[in-house]
Every structure is written in structure tokens, then in C-alpha cells.
Amino acid sequence: MTWYEALGRVILIFLSFAFIHSLCVTSFIKSQTQRLCGETFVKVFYRFIYTCFSTITVVIAVYLINMIPDVYWFRGPAWFRWIMHAIQIAGLIFGTLSFKVITSHEFVGITQAWRYITKKEVKGDAEGITQTRLVKTGVYGFVRHPLYLAGIIIFTFEPNITRNWLAVSILADIYFIFGAFMEEKRLIKIFGDEYIEYMKQVPMFLPRIRKNK
């Protein structure tokens, strides 16, 4: 397999995953699911099914990409790798701090499904999310998209660079940035001027260094 054939397959697999993943979060797919299965089903199970489906497609994509021949382009000394991995861990920790101000079980859909199975309760918005206020505290007071930022850090600061990984890393970073812009359009529709004001106060990805007056 030539290098451009291998690279083409990596790009095709990633774009296929990104397309399927993005399609599932569109209002069109949600509305069609609601039409076929009912509003209650979407509120109770859609987010959980989407989480499971996303996990499965990620595993498949990773498996397929790992099957493609690859070559190392760069591998730094041990001290360099330790520094880069430390930055990745810091990014992961920063991302997980998001769940101190948002409910993680509700975010992945477990709460909605469990609440319905055990209590027959249906709450929240179209996906069963009951948190209706705009979150601006915690890590959301530093950047507007801490989860996307965590993903960018983890992919960008990988110290062992291979041809396939570099392609995946670049595509992933672009996808995270694209996802953030799409998310902002949705949030502006929901929160209006409140979110626009929040955008003025808090940066998208790069925290501001606040000077003491």
C-alpha cells in the first residue's frame, strides 16, 4: 500500500465517522426519530442510544485506522514525551472538570433512561435534559467549550507522531472547532442575548490572562 493510499483510507474513515456522528445530532434526525418512535422515546432514550452508538463507531474507526500500515515521523526523547503526556493529562483533567457543573449521567443519557424505567417519569427538553440555565461557572468561566478544548489538547500534544496519527490529529482538531461553532449556533437559539453576552466575556478556547487592577 502506497503512502497516499494509506492516508486516503485514514481520511475516508475519519470523515465517514464524523459525518455519521454529526448527522445523529441534527434536528432533522431527531425530529424523524420523534415522528417514528414518539416524543417520549426521544426524551427518554435518544441521548443514551446516541452515546452508545458514538462509542461503538469510535471503536470501529480506531480499529480500522489501526489496521492501516503506518510509519513513525517523529519520536522525541523521554523527557519530551513526559512533558507532552503531562499536558495531555492536564487537558483531560480540565475536560472532566466540566462535569462538576453539568450532570454527567444526564449528559450521556443514563439519568433519562433510568428515571423512566424506575419511575416512569419523563422530564426535560427534547433529549430529557433538565438543566435549563446557561452554565457559566467552573471551567465554563474560563472557556466556552472545555470538552472540545480537552479533545484538542489530547490530540495535538501527542509526542509520538506517525503519518496516520498526524492526519487524524489535524482532522480531529478541525472537527472539534467545527463542532464548537455549530454548538454556539444552537446555544444562541436557546439562550439568545444571554449567550451572546457570555461570548463577549468568555473566550471560546484560549483562556484570557486576567490582570489584577
Side-chain angles (χ1 to χ4, degrees), residues 6-68 95 98-99 102-114 116 122-132 134-135 143-156 164-192 195 199 204-205:
L7 196 59
R9 291 189 183 186
V10 170
I11 294 172
L12 179 62
I13 292 169
F14 185 93
L15 292 180
S16 299
F17 159 78
F19 174 76
I20 294 171
H21 185 270
S22 299
L23 187 64
C24 290
V25 300
T26 60
S27 56
F28 172 77
I29 294 298
K30 292 176 186 177
S31 63
Q32 290 303 306
T33 305
Q34 183 173 316
R35 185 177 67 84
L36 293 172
C37 303
E39 183 180 353
T40 298
F41 178 87
V42 173
K43 279 192 173 187
V44 172
F45 295 114
Y46 190 88
R47 182 165 280 265
F48 179 70
I49 292 173
Y50 170 75
T51 300
C52 294
F53 178 74
S54 297
T55 302
I56 292 169
T57 52
V58 166
V59 171
I60 293 173
V62 170
Y63 172 78
L64 292 175
I65 289 174
N66 283 336
M67 294 293 291
I68 299 172
S98 302
F99 297 109
I102 62 175
T103 306
S104 58
H105 289 169
E106 194 171 81
F107 181 79
V108 299
I110 294 174
T111 298
Q112 295 90 312
W114 182 252
Y116 181 77
V122 180
K123 296 181 179 180
D125 62 10
E127 294 181 33
I129 301 295
T130 57
Q131 184 170 311
T132 56
L134 176 61
V135 178
V143 293
R144 301 197 299 271
H145 301 283
L147 289 173
Y148 288 127
L149 176 59
I152 291 172
I153 291 172
I154 291 169
F155 276 90
T156 303
N164 295 351
W165 176 262
L166 182 61
V168 170
S169 181
I170 292 172
L171 289 170
D173 287 351
I174 293 172
Y175 188 59
F176 286 133
I177 294 170
F178 173 78
F181 279 106
M182 292 299 100
E183 180 75 1
E184 300 224 306
K185 286 186 176 181
R186 185 182 70 85
L187 293 172
I188 289 174
K189 287 182 179 179
I190 295 173
F191 296 106
Y195 193 82
M199 292 172 67
M204 179 177 280
F205 292 120

message: Tell me whether S31 contacts the main-chain N or O of F28 through its side chain, where contact means a donor paired with an acceptor under 3.5 Å.
response: yes
Donor-acceptor under 3.5 Å (S169 side chain, W165 main chain): no
message: side-chain contact (heavy atoms from CB on, under 4.5 Å), that's the test. Do F176 and F205 meet it? Break it down for me.
response: CA-CA 11 Å; F176 286 133; F205 292 120; 5.6 Å; no
Can you measure from [atom1] ([X]) to [atom2] ([Y]) and round to the nearest 0.5 angstrom?
X    : Y    : atom1 : atom2 : value
R47  : T111 : CZ    : OG1   : 11.0 Å
F155 : I174 : CZ    : CD1   : 12.5 Å
H105 : F48  : NE2   : CZ    : 11.0 Å
T33  : F41  : OG1   : CZ    : 7.5 Å
I65  : I13  : CD1   : CD1   : 5.5 Å
K189 : Y195 : NZ    : OH    : 14.0 Å

Ignoring hydrogens, what is the shortest heavy-atom contact between [X] and [Y]? Give both atom names and the distance.
X    : Y    : result
V122 : V44  : CG2-CG2, 4.0 Å
V10  : A167 : CG1-CB, 4.2 Å
E106 : T130 : OE2-OG1, 2.8 Å
M199 : R144 : O-NH1, 3.2 Å
Q112 : I129 : NE2-CD1, 3.7 Å
F191 : L134 : CE2-N, 3.5 Å

message: Taking the basic N atoms (NZ, or NE/NH1/NH2) and the acidic carboxylate oxygens, is any pair closer than 4.0 Å for E127 and K30?
response: yes
query: Do I152 and I177 come within less than 4.5 Å of each other through their side chains, counting heavy atoms only?
result: yes
- prompt: Heavy-atom count around F107 CZ within 6.0 Å, excluding the residue itself: above 12?
  reply: no
- request: Evaluate whether atom CZ of F17 has more than 12 neighbouring non-hydrogen atoms of other residues, nucleotides or ligands under 6.0 angstrom away.
  value: yes
- prompt: Step by step, would you call I20 with F53 a side-chain contact (heavy atoms from CB on, under 4.5 Å)?
  reply: CA-CA 10 Å; I20 294 171; F53 178 74; 3.3 Å; yes
- prompt: Would you call the rings of Y175 and F178 parallel, tilted or perpendicular, where under 30° means parallel and over 60° means perpendicular?
  reply: parallel
message: Check the orientation of Y50 and Y46. Use parallel for under 30°, tilted for 30 to 60°, and perpendicular for over 60°.
response: parallel
- prompt: Do T40 and Y116 have side-chain N/O donor and acceptor atoms under 3.5 Å apart?
  reply: no
